[in-house]
Amino acid sequence: MHDTTALLVELGSVILGLGIIGRFAGRIGLSPIPLYLLAGLAFGDGGLLPLGASEEFTAVGAEIGVILLLLLLGLEYSASELVTSLKTQYPSGAVDFVLNATPGAVAALLLGWGPVGAVALAGVTWISSSGVIAKVLTDLGRLGNRETPVILGVLVIEDLSMAVYLPLLTAMLAGVGLAGGSIALLVALGTVGFVLYLALRHGRLISRAVSSDNPEMLLLVVLGLTVLVAGVAQQLQVSAAVGAFLVGIALSGEVAEGARKLLTPLRDLFAAVFFVFFGLSTDPAQIPPVLLPALLLAVVTVFTKIGTGWYAARRAGIGSPGRWRAGGTLVARGEFSIVIAGLAVATEPRIGPIATAYVLILVIVGPLTARWTQPVVARIRKRRHRGGGVPGGGVPVAHEELPVVERASAVD
């Protein structure tokens, strides 16, 4: 079969399959992300029917999917809201780092990987998946919830922290001295600072320059600008996802609203491709040998992420249901964790399989915890309240305080 013909057949089959999977997930009230990943595993290397012709296109589509997810996320908020979030959420960012990087570092040291492996695995367990979480928030209709800005604040701090972490990790992996690592760090920080300055000081001018009454022109300019900035950011050792997010922050008003409407279908398509590609790039045979340590690490960091979200939402004055929703939503790991593992695998090959298994577990569990953490906690509290009588089956005392979930519901 001709290469182009094979590409079209495979690509058409993949997109059609995604549509069927998405409809099935919607029927059963589940986020389609775990099903996309399992489909990728089934048809990737070592799967039931490997797809070879469309692999390169799928890889590029996956990169575009992450960029569009973060662009649309950035379009929801202005630069001033971003700065306010950073000012108010930095303690939550510190708690996030301590709670979630520590398990990875400890696990790596126990496995005998040394300091470089510890730094790398700490990053894998620390960073939540902005792409997965953006998709989950959209699927669950929570973009307007009170806890969503808190979630995004934690994600933004994590994503911007990558501008510091990735250059340092790269320098450690390459054995570069202090001077070389410092230069890379300064370039990365300067890039992020410059883009933030443009978004804050000249966001209206940028929006005016991009604005167009012609939907086609608006789509081309916004998409082209986003991909260009993402590519430049990646070249300067800043995440492409951060670059796309900052472009979204820089655009505001009618331009942002128009861009959202035009780019949402593209985002949904390429985001699905991203999750399928993640599964395609994973060999199922590598997972069983490392499944137990990956599962233990996943269990620990599920609870540490839930604790992070609960703490961050509590600081923001969110009621108890919103705190648990925030914690459950932050559980998923994804694109950044895979990037970190990919950087480290040449120095510490053992990190590849365990990072893949770990991310695969949490990228499947994450959408489930986002949906069910708060309802499960509410049911447990309700059962405790119903059974909270005095010894011997008496009636609860009159001054017993109502469960937090009931008291907070009025302000959530």
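Counting begins at 1 with the first residue of the sequence. A quick note: this is a predicted structure, and the numbers were derived from the prediction, not measured.
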| task | Could you list the residues that satisfy side-chain contact (heavy atoms from CB on, under 4.5 Å) with Leu220, not counting sequence neighbours? | result | Glu216, Met217
| request: Grab the two heavy atoms, one from Ile354 and one from Pro293, that are nearest each other, plus how far apart they are. | output: CD1-CB, 4.0 Å
| request: Say whether Ser92 and Gln89, considering side chains only, have a donor N or O and an acceptor N or O under 3.5 Å apart. | output: yes
| query | Below 4.5 Å, heavy atoms only, C-beta onward: do Ser128 and Leu155 meet side chain to side chain? | reply | yes
| Nearest non-hydrogen partners of Ala244 and Ile67, listed with the distance | CB-O, 3.4 Å
| Mind checking whether Asp139 and Val136 have side chains closer than 4.5 Å, heavy atoms only? | no
| remark: In short, Ala107 meets Leu121 closest at the heavy-atom pair CB-CD2, 4.1 Å
| note | One should read off an interatomic distance between Ile318 CD1 and Asn145 CG, to the nearest 0.5 angstrom, of 9.5 Å
| said: Under a 3.5 Å threshold, yes or no: a donor from one side chain and an acceptor from the other, between Arg315 and Thr88? | reply: no
| Taking all atoms of both residues into account, what is the closest heavy-atom pair of Ile361 and Ala298, and its distance? | CG2-CB, 3.9 Å
| Over all atoms of both residues, closest heavy-atom pair of Val273 and Gly61 | CG1-C, 3.9 Å
| request: Say whether, by atom type as modelled, one donor and one acceptor occur between the side chain of Arg142 and the main chain of Ala370 under 3.5 angstrom. | output: yes
| query | Side chains of Val9 and Ser13: closer than 4.5 Å at any heavy-atom pair? | reply | yes
| task | Just jot down the side-chain hydrogen bond (donor to acceptor under 3.5 Å, both in side chains) partners of Ser337, sequence neighbours excluded, or say none. | result | none
| task | Measure up the Tyr165 and Trp126 rings against each other and bin them: parallel (under 30°), tilted (30 to 60°), perpendicular (over 60°). | result | perpendicular
| query | When rounded to the nearest 0.5 angstrom, what distance separates CG in Leu152 from CG in Leu143? | reply | 8.0 Å
| Can you find a heavy atom in the side chain of Ser320 that is under 4.5 Å from one in the side chain of Arg381? | yes
| How many angstroms lie between CD1 in Ile20 and CG in Leu35, if you round to the nearest 0.5 Å? | 12.5 Å
| Thr226 and Leu68: CA distance, side-chain angles, deciding distance, side-chain contact (heavy atoms from CB on, under 4.5 Å) verdict | CA-CA 8 Å; Thr226 302; Leu68 288 176; 5.7 Å; no
| field | Ser161 and Ile157, any side-chain heavy atoms less than 4.5 Å apart | value | yes
| said: Given 3.5 Å as the limit, does a donor-acceptor pair link the side chain of Arg333 with the main chain of Thr125, or not? | reply: yes
| query | Under 4.5 Å between any side-chain heavy atoms of Val227 and Ile64, yes or no? | reply | no
| Are any of the side-chain heavy atoms of Glu147 and Arg323 separated by less than 4.5 Å? | no
| Among all residues two or more places apart in sequence or in another chain, which pass the side-chain contact (heavy atoms from CB on, under 4.5 Å) test with Leu296? | Leu292
| Can you name the residues that form a side-chain hydrogen bond (donor to acceptor under 3.5 Å, both in side chains) with Arg350, not counting sequence neighbours? | Glu348
| field | Which atom of Ala313 lies closest to which atom of Ala326, heavy atoms considered | value | CB-CB, 4.1 Å
| request: Sequence neighbours left out, what passes side-chain hydrogen bond (donor to acceptor under 3.5 Å, both in side chains) with Thr369? Give chain and number order. | output: none
| task | Mind checking the CG-CD1 spacing from Leu295 to Ile287? Nearest 0.5 Å is all I need. | result | 12.0 Å
| query | Roughly how far apart are Trp310 CH2 and Ile306 CD1, rounded to 0.5 Å? | reply | 13.0 Å
| field | Side-chain heavy atoms of Pro375 within contact of Trp324, under 4.5 Å | value | no
| said: Run the side-chain contact (heavy atoms from CB on, under 4.5 Å) test on Val331 and Thr373 for me, step by step, so that the C-alpha distance in whole Å, both residues' side-chain angles and the decisive distance to 0.1 Å come before the verdict. | reply: CA-CA 11 Å; Val331 164; Thr373 298; 6.0 Å; no
Enumerate, atom names and distances included, each donor-acceptor pair closer than 3.5 Å involving a side-chain atom of residues 97-106, sequence neighbours excluded.
residue, atom, partner, partner atom, Å
Asn100, OD1, Thr304, OG1, 2.6
Asn100, OD1, Lys305, N, 3.3
Asn100, ND2, Asp96, O, 2.9
Asn100, ND2, Asp96, OD1, 2.8
Asn100, ND2, Thr308, OG1, 3.1
Thr102, OG1, Val98, O, 2.6

| query | Are the side chain of Arg260 and the backbone of Leu75 linked by a donor-acceptor contact shorter than 3.5 Å? | reply | yes
| remark: Output for pair (Leu137 CG, Thr148 OG1), nearest 0.5 Å, gives 5.0 Å
| field | Working for side-chain contact (heavy atoms from CB on, under 4.5 Å), residues Tyr358 and Thr301 | value | CA-CA 10 Å; Tyr358 171 80; Thr301 52; 2.8 Å; yes
